[in-house]
There are 2 protein chains.
Amino acid sequence: MNSHDAHVEGPDLAALAALLADGTRASFCLALLDGRAWTAIELARYAGVAASTATGHLNLLVSGGLLTQERQGRHRYVRLADPDTAELIEKLASMAPRRADPPRSLPAANRSRALARARTCYDHLAGALGVAITEAMTERGLLDWEQGLTLTSDGTTWLAELGIAQPPATRRPPVRSCLDWTERRPHLAGAVGAALCRHTFDAGWITRIGTSRAVALTDTGKRALKDHLGLVDETQTPVR
Amino acid sequence: MNSHDAHVEGPDLAALAALLADGTRASFCLALLDGRAWTAIELARYAGVAASTATGHLNLLVSGGLLTQERQGRHRYVRLADPDTAELIEKLASMAPRRADPPRSLPAANRSRALARARTCYDHLAGALGVAITEAMTERGLLDWEQGLTLTSDGTTWLAELGIAQPPATRRPPVRSCLDWTERRPHLAGAVGAALCRHTFDAGWITRIGTSRAVALTDTGKRALKDHLGLVDETQTPVR
DNA sequence: GCGATCCTTCGGCGGCCGCCGAAGGATCGC
DNA sequence: GCGATCCTTCGGCGGCCGCCGAAGGATCGC
């Protein structure tokens, strides 16, 4: 820190960045990027630290405004505070250097394969599936990238046909492009991305794989994607 | 750091955040957010640290990919690496807590007044002027916020009339909304925002105030804004 | 050529911060 | 009620990291 700092004005960027500058806190945030609420002990185990250490980190993240918490009996549930926070973490993740080591064990390799195939990213879909849906929507003229990403009038109609209500106008943009870590191509985020993701769960198109953020396409989902987007099976599970 | 970290996969978010988690490095980045190249000693004086300290920080920021450098004689010039980096710093700045103390000295108060009025933010315009231009463009139907921010066909025509060439299609979005720190409302960023800002300099609508990132509207500029956007003087220097 | 300026390397100091385990409070399941 | 589980507080350890000044190389202006 700077003892005789002449620049007390302006935003305290370092204070915010410091919250994410620790390996354990960063791994908490990446875990929470699945959009769900986790308990303190779940996060501690995930990151491989003692429960007392996790408590301290969560206190920092909550009081710093990045997480919100909810006490339920003996459990402390935390989640990302809002879409803005998720967006910040996504942006950092998309620009951060990759870690060198690939996963070594077979289970770990399977886990990261499943994640790369399809997962939630905060409140929308990501991985090969998320990217494939986004690209199919573009090809069908539901999304337009000419002047920034927009939903076309065909897109509005398409959503209505699926029974997805147009999300109410808030500060959050309806459609937003989010760079996919594994695919290195953009997938659909924003309020419409969230509504679409919710629909795929509600309509039984996808289900969670165990307790992870990875998801699997159901048979219903395969049929629905073929009917509504012309997406065939091969597209969803590309051979790499 | 976590000694037996089970999560070596994925982006190293903490490493990137750590670059911005120091008060001195953060103040360097905020200074560089004016889009210009600074020498090492200029940044050291700005942040109030010894030259040797600045050297160390710049080495970290450059090798971390946030800054690019250029040697010219005895000078070391650094600037933000790319628009993506500027966007990351903007996002952090817009979410970071404000610092408590208002500026105490009269010159400092004048400086921050000038910055709030009109300044560059990386390669586009910000402050009351940037926001006023953005809002005037919206009122005239040159920008549309319905489905995310877009440039309308009227907007394209308007740019052409000003002699601003449509920026070539790259990964960078043509128009983007950037939350203004001082106004707490969005101003225009992206490739079009940059082209417009360049035009205002080239056409002599604005000039730098001294060596700061603050800019002043010229008489030519006032006339141009009135002619092309219907912006009257009052709008540009609102009484707060 | 000769000071002045810009920048760098190095050594050393000091403080912050992440970690754990022990102890204990609160809640749960049976 | 009574272990088990979740979470927290506390003390203490260790290491990292930001800071400076001194010394010196490289370049500049005159």
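- A straight line from CG of A:Asp22 to C1' of D:dC17 spans 14 Å, rounded to a whole angstrom.
- An OP1 or OP2 oxygen of D:dC19 is reached within less than 4.0 angstrom by a side-chain nitrogen or oxygen of B:His57.
- Closest contact between the side chain of B:Ala50 and the listed nucleotides C:dC7, C:dG18, D:dC20 involves D:dC20.
- An OP1 or OP2 oxygen of C:dC19 is reached within less than 4.0 angstrom by a side-chain nitrogen or oxygen of A:Thr24.
- Side-chain polar atoms of A:Arg119 and A:Thr182 form a donor-acceptor pair below 3.5 angstrom.
- Side-chain proximity of B:Thr55 to D:dT8, C:dT9, D:dT27: nearest is C:dT9.
- Separating the NE2 atom of A:His75 from the C1' atom of C:dG25 is a distance of 16 Å, rounded to the nearest angstrom.
- As rounded to whole Å, 11 Å separates atom C1' of C:dC7 from atom CD of B:Gln69.
- Rounded to an integer number of Å, the gap from CD1 of A:Ile41 to P of D:dT8 is 10 Å.
- Whole-Å rounding puts the A:Glu42 CD to D:dC6 C1' distance at 11 Å.
- Side-chain contact, A:Thr120 with A:Arg208: a donor N or O sits under 3.5 Å from an acceptor N or O.
- For the pair A:Ala194 and A:Arg172, the tightest heavy-atom approach, listed with the atom from each and the gap, is CB-NH1, 4.0 Å.
- Regarding contacts with the backbone of C:dG25, every side-chain N or O of A:Arg74 stays at 4.0 angstrom or more from both OP1 and OP2.
- Between A:Gly73 and A:Leu60, the one whose closest nucleotide on DNA chain C sits nearer the 5' end is A:Leu60.
- Between A:Leu58 atom CG and C:dG18 atom C1' there is a gap of 14 Å when expressed in whole angstrom units.
- Using a 4.0 Å heavy-atom criterion, one finds that B:Ala51 contacts the bases of the nucleic acid, with or without backbone contacts as well.
- With a 3.5 Å ceiling on both atom-pair distances, the Watson-Crick or G-U wobble partner of C:dG3 is D:dC28.
- In this structure, A:Thr200 contributes its side chain and A:Trp205 its backbone to no donor-acceptor pair below 3.5 Å.
- Nearest to the side-chain atoms of A:Thr53 among the listed nucleotides C:dT8, C:dC20, C:dC6 stands C:dC20.
- Using a 30° and 60° split on the angle between ring planes, B:Trp38 and B:Tyr46 fall in the perpendicular class, above 60°.
- A:Arg25 has no side-chain polar atom (N or O) that falls below the 4.0 Å cut-off from OP1 or OP2 of C:dC17.
- Nucleotide C:dT9 forms a Watson-Crick or G-U wobble pair with D:dA22, both donor-acceptor distances falling under 3.5 Å.
- Between A:Leu43 atom CG and D:dT5 atom P there is a gap of 19 Å when expressed in whole angstrom units.
- Between D:dT8 and A:Arg76, a contact under 4.0 Å exists linking OP1 or OP2 to a side-chain N or O.
- Considering only the side chain of B:Ser52, D:dA22 comes nearest among C:dG18, D:dA22, C:dA22.
- When the side-chain nitrogen and oxygen atoms of B:Arg71 are compared with OP1 and OP2 of C:dT8, one or more of them lie within a distance under 4.0 Å.
- Computed from coordinates, the B:Tyr77 OH to C:dT5 P distance equals 16 Å when rounded to whole Å.
- Ring geometry, A:His124 versus A:His187: the interplanar angle falls from 30° to 60°, so the pair is classed tilted.
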